[in-house]
Novice: 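This structure is in structure tokens; I'll ask about it shortly.
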Amino acid sequence: MNDHSIEAINLSKKYGTFTALDNLNLKIEGSKCVGFLGPNGAGKTTTLKIFTDLIFRTEGKALINGIDVHTEKKKALAATSALIETPEIYPSLTPNEALMMVAEQRGVPAEIRKKKIEEALNEVRMEEWADKRVGKFSKGMKQRIDVASTLLNDPEIVLLDEPTTGLDPRGMAEVRDIVKNLKKQKRLIFMSSHLLPEVTDVCDEVAMIDHGKLLAYDTIHNLTTRISGGGAVVEIGFVGMVGESGIIKAVESVKGITSVEKMDDKNLRIRFTGGPEAQARILTDLAMLNLGMSSFRASSSALEDVYLNLIKETL
Ligand SMILES: Nc1ncnc2c1ncn2[C@@H]1O[C@H](COP(=O)(O)OP(=O)(O)OP(=O)(O)O)[C@@H](O)[C@H]1O
Ligand SMILES: [Mg+2]
């Protein structure tokens, strides 16, 4: 069963007199991807480090699958992997060699190491590079090897601290795809990020923190719906100019759409009520209108609106 869980109970962390985490309560369960958002210094890395016992909480508890990560570290972390401030792989090693070292360190039984490495490299689609030197790899490829290293112990729970930061757009896309793929394997992924479009694309839910306090934890759909006055928000792109061709009027006429806003010459932002079924019907209705619609996507700026609103309240 998918009973994976990560739970912070009254979790606090002080660095000297500075409070980095302030009575954080958060329970995430199931197989899904949860984005962890918050401004610089909000306490994201601190939280992830506590959950992997890299640092020790000051108060409260951090539980993985109900087990305290500090008092029963081995048991709690047996099914957990994390990518937090990973050091660079030594350039003269190959992925096979580097991952063999990690597998040894992580206590993967000797007789299955090779198989686990092969599976992990397959999962990040780097199998063809298994015996090439890492020194020649792009940053995105190195990051994929780092992600592979987290998979060697068949984790149910994967914690990632800004996995795409510092990568070029192609590297970001590669790693984003890998994370999406991890999600399909019935895992719980908890991922910090500053990239809201990425989180909208990859994650199902988001937890937002600032000044070490939880601001919100909900599905992206619920959060963006709440801020938009009860409607979900979608951005639609068109081949032609939206202002000159009656497109706005036509879109306004579709049943269920409550507002239409021009974002720029080729994009509209619509709000509508109803859940995913309403969204599916609206997409069909719009396609039937034959307006030259070229894209229909969950609004990443909607999550940005939620984020900015919540963060503003805590200033
Ligand atoms: N070892 C430390 N000693 C003292 N203060 C620290 C230490 N580590 C983190 N802090 C402080 O704790 C706060 C939270 O830091 P943390 O790294 O968890 O933030 P973050 O949300 O990960 O930020 P970013 O988005 O910049 O990565 C920050 O104000 C930071 O300066
Ligand atoms: Mg951080």
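Atoms within a ligand are numbered from 1 in the order they appear, just like the ligands themselves.
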Novice: With side chain to side chain contact (heavy atoms under 4.5 Å, CB included) as the test, would you mind laying out the steps for L48 and T45 before giving the verdict?
Specialist: CA-CA 5 Å; L48 294 173; T45 302; 5.7 Å; no
Novice: Determine, for D68 against K61, whether the closest basic-nitrogen to carboxylate-oxygen distance falls under 4.0 angstrom.
Specialist: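 Looking at D68 and K61, the cut-off is not met.
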Novice: Excluding waters, which protein N, O or S atoms are within less than 2.8 Å of the Mg ion (ligand 2)?
Specialist: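 The answer is T45 OG1.
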Novice: Is the ring pair F137/W129 parallel, tilted or perpendicular, if the boundaries are 30 and 60 degrees?
Specialist: perpendicular
Novice: Going by salt bridge (charged side-chain N to carboxylate O under 4.0 Å, His left out), name the pairs with one or both residues in residues 153-175, residues two or more places apart or in two chains.
Specialist: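 For residues 153-175: K116-D154, R144-E174, R170-E174.
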Novice: According to side chain to side chain contact (heavy atoms under 4.5 Å, CB included), who are the partners of D201, at least two apart in sequence or on a separate chain?
Specialist: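 R176, K180.
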Novice: May I ask you to decide if F56's main-chain N or O and K13's side chain share a donor-acceptor pair within less than 3.5 Å?
Specialist: yes
Novice: Go through the steps for E119 and L151 under the test side chain to side chain contact (heavy atoms under 4.5 Å, CB included), then give the verdict.
Specialist: CA-CA 9 Å; E119 284 171 6; L151 302 175; over 6 Å; no
Novice: What I'd like to find out is whether the side chain of N25 reaches to under 4.5 Å of the side chain of L214, using heavy atoms alone.
Specialist: no
Novice: With a 4.0 angstrom cut-off on heavy atoms, strictly below it, pick out the residues next to ligand 1 and order them by chain and number.
Specialist: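 Within 4.0 Å of ligand 1, protein side: Y15, F18, A20, P39, N40, G41, A42, G43, K44, T45, T46, E162, H194.
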Novice: Can you check salt bridge (Lys or Arg N to Asp or Glu O under 4.0 Å) on K142 and D146, steps first, answer last?
Specialist: CA-CA 6 Å; K142 286 182 195 159; D146 282 335; over 6 Å; no
